Amino acid sequence: MTPTKNAPRQMMRKLHEIMASAIAAEERLNKVVQLVSSNMMAEVCSAYFIRDDNILELFATQGLKDEAVHNTRLKVGEGLVGLIASSATSLNLGDAQNHPKFAFRPETGEEIYKSLMGVPILRSGKVVGVLVVQNKISRQYSDEEVEGLQTVAMVLAELVLSGELLQQGQNGTTEDRVAVSRFEGMVFAEGLAEGVVVMHEPKVEIIQHLSEEYDYQLSRLDAGFENLLKQIDEIMSAEDVIHHGEHREILDVYILFARDKGWRTKIENAIESGLTAEAAVEKIQIENRSKMLNTEDPYLRERLSDLDDLANRLIRHLMGAVGTAASKRLPDNAVVVAQNMGPAELLDYDREKLKAVILQEGSPTSHVAIVARALGIPMVGQLGAGLLDIDEGVQVLVHGLDGEVYISAPPEILQSYRDAIVARTKLLAHYDDMRDKPAITKDGVEIELVINGGLAMDIDAMHRTGAHGVGLFRTEFQFMISETLPRIHPQAAFYKSIIDAAAGEPVTFRTLDIGGDKEVSFLKREKEVNPALGWRAIRIALDRPGLLRYQLRALITAAAGTTLNVMFPMITTVDEFKQAKAILEKELERHKKNNRPMPCEIKVGTMLEVPSLVWQLDELLPLVDFISVGSNDLMQFFFACDRENPRLSNRYDTLSEPALKMFKHIADKCRHYDVPLTLCGEVGSKTIGALAIIALGFRRLSIAPAAIGPVKMMIRSLDLAQLESVFGQWSSRSDHNIREELIAFAKANKVRI
Ligand code: PEP
Ligand code: MG
């Protein structure tokens with residue numbers, strides 16, 4: 001046995017003895033702080049626990065003045081101890097007193113201690129206390145010491161779980177459930193639902209943290225890993241996973257993690273220091289979570305959250321509490337509540353019974369949100385603290401259109417939700433009925449409706465809605481979920497699967513639009529002051545032509561024997577288009593020279609999303625096969641207004657005179673040069689926006705799949721000539737937007753907006 005293994009083992013053995021002894025909880029706590037203090041050669045070791053009203057109270061100390069016990073109290077967030085509790089992360093400070101958060105408490109006598117290290121005491125992921133050590137000299141505690149203190153903190157959580165230290169009702173236990181009835185969050189996947197709360201993760205509490213039966217715990221870990229891999233295999237062989245490439249990729253990442261030697265070794269080391277298998281997994285999970293909280297890299301966060309999901313699964317296997325609520329009998333109208341969820345876990349649920357998912361955390365770009373959208377399950381996230389305190393079985397309303405969630409809603413709200421759900425269900429059924437009907441106005445003008453997509457599942461949505469093609473396929477998504485640059489063959493295979501699934505309907509692939517807010521992990525970029533105006537999209541592609549060449553090669557291969565529609569993003573000058581097109585032509589030549597099967601037709605166009613290009617249309621239009629207006633970016637640059645900034649979202653209106661003038665100019669020019677024109681920005685996805693855009697002369701709209709039904713319904717109820725006869729008068733007025741006029745027109749003429 002190595003000495004490094006021995007030292008923590010001795011401390012763990014003593015800890016075990018103390019925790020197992022028949023003395024009162026507070027007495028045990030005193031012994032633990034004494035043990036830590038002597039073992040870590042710290043003059044002070046103190047334990048704080050959170051009382052009901054979010055107050056941290058000193059429960060035990062070795063080194064601080066005795067009279068401070070139960071007298072020193074801090075709010076969560078106050079002082080360094082409060083900071084550890086509010087951030088749920090460790091602090092390791094050589095000069096604690098000069099930290100801006102340091103709060104001096106005279107009764108403790110702590111003014112003589114320079115250095116401080118503290119860790120949160122966590123129970124089921126919630127902070128229930130803080131454990132701190134302090135030294136007189138200024139010193140940096142080693143990583144091993146931080147880990148050691150974290151282990152002790154984990155074991156101390158047992159005192160809270162047993163209810164011996166704090167009575168029930170204190171610090172987040174059963175009786176202090178927050179009586180919050182309304183939460184506000186962010187819509188991750190649209191839809192409305194009423195149901196009953198089902199907690200995604202049955203609360204598994206680790207009851208026993210310490211064990212000296214190292215071999216037995218290691219064998220339990222082996223069995224746990226084996227079962228975990230088996231479970232992932234089962235999910236992977238599920239029908240819908242086989243058919244959807246994205247799910248597979250995500251699960252492949254899970255398998256990689258589950259087989260990761262580094263992760264396993266860390267857990268084994270924790271067992272060898274004296275923890276049970278489940279406590280060892282939790283210990284590494286806590287470290288991982290603190291990394292997760294401290295990283296700003298969205299990709300890394302996503303991976304760490306995958307690992308967190310996996311650790312939860314492993315703990316449940318080890319504790320015989322296998323499965324989330326997905327493996328239990330669900331009520332017919334389950335609304336699943338979770339802190340966060342992995343995509344694989346979402347796929348475990350019975351789709352018939354799962355009505356919605358609400359998350360305390362999460363992000364709209366996470367994999368689970370993407371899967372929810374593809375499956376049509378309403379999902380609201382970022383609902384904040386308190387969500388996990390709601391009771392299982394209570395009634396819940398999920399407004400996945402405006403991001404509201406009501407728990408045990410009062411009767412008036414319940415009724416208005418029910419009305420909204422009934423109306424929406426009827427409307428959705430009506431859209432389904434219209435699937436095969438043409439998008440043609442009452443006076444016979446046909447409007448082509450196609451979808452915006454970026455996932456294999458979007459093609460299913462195209463068929464389901466009766467749209468006739470994909471006007472914008474955002475290829476960057478495949479790159480965003482990949483850790484390395486996707487190679488040509490998988491890229492080509494993916495594009496071909498999209499073309500094949502579209503079954504003859506045209507798909508317009510947009511080359512990589514990365515940069516700005518769309519990060520990819522394989523291209524490290526410097527932080528930019530104005531990323532939206534920075535090195536992005538075609539600018540990266542022309543500076544790093546290898547990336548574009550590879551992608552074009554994959555697209556040409558995928559479109560063999562059919563039409564390749566390709567367009568470039570963020571073109572700002574005609575010259576940029578020429579350069580991009582020249583790269584495409586070179587790739588086509590190369591392909592031909594190598595006797596590879598060629599596409600039978602190639603159409604090359606550009607996005608129009610930078611205002612400068614609007615004033616180069618006379619030079620540009622003779623060179624392109626089509627134009628697609630990206631109104632999201634075009635408006636952002638036109639009004640100098642960040643499209644991501646919620647404060648500005650209602651400030652400038654696309655339906656106001658300057659913007660309408662520009663759209664009309666574009667439509668007129670395209671008609672003059674006989675160049676097919678599509679609008680693919682969000683403005684076309686709202687019926688009122690589509691109404692204006694059609695009146696301005698656009699005849700092809702590429703919109704979100706969910707917008708096909710409403711926009712088609714609007715078109716089929718419109719007399720376009722009638723609208724055109726009045727539209728010119730409104731749109732030339734510079735004093736306001738024309739929303740009101742459009743709404744009044746629609747009302748008067750029964751246009752369904
Ligand atoms: C746009 O800018 O309008 C557009 C469709 O592209 P994206 O939203 O992907 O930037
Ligand atoms: Mg854009």
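Values in this document were obtained by computation on a predicted structure and should not be read as measured data. Both counts, for ligands and for their atoms, begin at 1 and track the order of listing. For reference, positions follow the sequence shown, starting with 1.
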Near G681 (heavy-atom distance under 4.0 Å), the atoms of ligand 1 are 3 (O)
Determine whether any heavy atom of R510 lies closer than 4.0 Å to an atom of ligand 1.
yes
Subset of ligand 1 atoms that lie under 4.0 Å from at least one heavy atom of L472
5 (C)
Could you check which N/O/S atom of E609 is closest to the Mg ion (ligand 2)?
OE1
Within 4.0 Å of some non-hydrogen atom of D633, the atoms of ligand 1 are 1 (C), 2 (O), 3 (O), 10 (O)
Between D543 and R539, does any side-chain N to carboxylate O distance fall below 4.0 Å?
no
N/O/S from D633 sitting under 2.8 Å away from the Mg ion (ligand 2):
yes
Is any side-chain N of the basic residue among R474 and D513 closer than 4.0 Å to the acidic one's carboxylate O?
no
For R536 and D633: C-alpha separation, side-chain torsions, deciding distance, then whether salt bridge (Lys or Arg N to Asp or Glu O under 4.0 Å) applies.
CA-CA 12 Å; R536 52 176 290 201; D633 276 317; 3.3 Å; yes
I'd like to know if D668 pairs up with K664 as an ion pair, taking the criterion as any Lys NZ or Arg NE/NH1/NH2 lying under 4.0 Å from an Asp or Glu carboxylate oxygen.
yes
Can you confirm, on distance only, whether ligand 1 has an N/O atom lying under 3.5 Å from any N/O atom belonging to E609?
yes
Between the side chains of Y495 and Q551, is a donor N or O closer than 3.5 angstrom to an acceptor N or O?
yes
Less than 3.5 Å apart, any donor N or O on the side chain of Q579 or D575 sitting next to an acceptor on the other?
yes
Ignoring angles and geometry beyond distance, decide whether R474 reaches within less than 3.5 Å of ligand 1 through its nitrogen or oxygen atoms.
yes
Record the part of P569 in heavy-atom contact with ligand 1 below 4.0 Å; permitted values are side chain, backbone, both and neither.
neither
If you count the atoms of ligand 1 from 1 in the order shown, which ones are under 4.0 Å from a heavy atom of M607?
4 (C), 5 (C), 6 (O)
For the pair S685 (side chain) and A704 (backbone), establish whether a donor and an acceptor sit closer than 3.5 Å, ignoring hydrogens and angles.
yes
